[in-house]
Amino acid sequence: MAEAILDLRREPKDRAYATLHAHTASLLHDVDDVVAEMATIASLVHNAMGFLWTGFYRVVAPDLLRVGPYQGSVGCLDIPFGKGVCGTAAAERRTIIVPDVNRFPGHISCDPRSRSEIVVPVVDARGALIAVFDIDASTVARFDEQDQHGLERLLTWFTRPRT
Ligand code: SME
């Protein structure tokens, strides 16, 4: 199936996230493979929104995140819970918006072009934390509550029951 490349960079955020939500459901409705789902969502969001880095860090051991499907330059491999923006979001199980990465103590820099960041926890149907979704942008203050709500809603994809 040839998918047209979505370009949502000039859309109002609420419309952009609604479109991403609809495309995710249509692309993945008969898939039951978490890695394939993460890879597809990372590609869809990254290319449609023009972000710098977009991807998942998966929970691979108690209190340890490891890089999963992503788009962008090479990401750091392992991040312990409590470290950096990703590890803090995982430990506290809450979305973190960082308007200026240079002002976040302990921020882990994987790409020097990153200026702002959002990290959203990903949970499964049982409420277990399975990953965080991390997005970096090359401009300061790129992310706000609309991004948070849009991404949190998109990532409810992983809460659907599995067979
Ligand atoms: N900046 C993140 C590390 C991951 S990269 O941005 C891809 C952090 O501080 O956790």
Side-chain angles (χ1 to χ4, degrees), residues 5-9 11 13 16-17 20-21 23-24 27-28 33-124 127-159:
I5 295 177
L6 269 182
D7 184 355
L8 302 173
R9 288 174 297 173
E11 290 289 316
K13 287 184 182 182
Y17 284 109
L20 289 171
H21 194 82
H23 275 248
T24 297
L27 284 167
L28 297 177
D33 179 317
V34 168
V35 171
E37 293 162 32
M38 288 181 176
T40 302
I41 289 172
S43 175
L44 188 62
V45 172
H46 185 80
N47 291 293
M49 302 294 272
F51 293 136
L52 181 67
W53 197 96
T54 310
F56 292 86
Y57 278 88
R58 301 171 68 208
V59 178
V60 293
D63 298 339
L64 182 64
L65 297 168
R66 178 163 294 147
V67 76
Y70 68 95
Q71 299 269 315
S73 59
V74 172
C76 315
L77 288 178
D78 286 353
I79 301 178
F81 277 36
K83 300 287 182 192
V85 188
C86 291
T88 304
E92 299 179 5
R93 289 180 63 130
R94 66 180 178 93
T95 296
I96 298 182
I97 295 173
V98 180
D100 180 347
V101 297
N102 294 322
R103 291 171 181 267
F104 186 94
H107 169 260
I108 300 165
S109 177
C110 301
D111 186 326
R113 295 170 297 173
S114 175
R115 289 288 172 269
S116 58
E117 183 164 357
I118 185 169
V119 180
V120 183
V122 180
V123 298
D124 68 10
L129 183 76
I130 57 168
V132 298
F133 190 48
D134 177 20
I135 305 177
D136 287 67
S138 57
T139 52
V140 170
R142 168 64 183 76
F143 304 103
D144 59 21
E145 282 186 0
Q146 277 193 298
D147 298 281
Q148 175 173 354
H149 294 144
L151 291 166
E152 287 176 349
R153 180 165 171 260
L154 183 66
L155 295 165
T156 61
W157 177 261
F158 294 97
T159 66

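As the structure is a prediction and not an experimental result, all values here were calculated from the model. Counting convention: from 1, in listed order, for ligands and their atoms alike.
For the side chain to side chain contact (heavy atoms under 4.5 Å, CB included) test with Leu44, the passing option among Ile5, Thr54, Leu8, Leu20 is Leu20; the others fail.
Protein residues with a heavy atom closer than 4.0 Å to ligand 1 are Trp53, Tyr57, Ile79, Gly84, Val85, Cys86, His107, Ile108, Cys110, Glu117, Asp134, Asp136, listed by chain and number.
Side chains of Asp78 and Tyr57: a donor-acceptor N/O pair is absent below 3.5 angstrom, by distance only.
For Ala39, the side-chain contact (heavy atoms from CB on, under 4.5 Å) partners at least two apart in sequence or on another chain are Pro69. Checked against salt bridge (charged side-chain N to carboxylate O under 4.0 Å, His left out), Asp144 has the following partners two or more places apart in sequence or in another chain: Lys13. Contacts of Asp33 classified as salt bridge (charged side-chain N to carboxylate O under 4.0 Å, His left out), with partners at least two apart in sequence or in another chain: none.
Closest approach of Pro121 and Val132 over heavy atoms only: CA-CG1, 4.2 Å.
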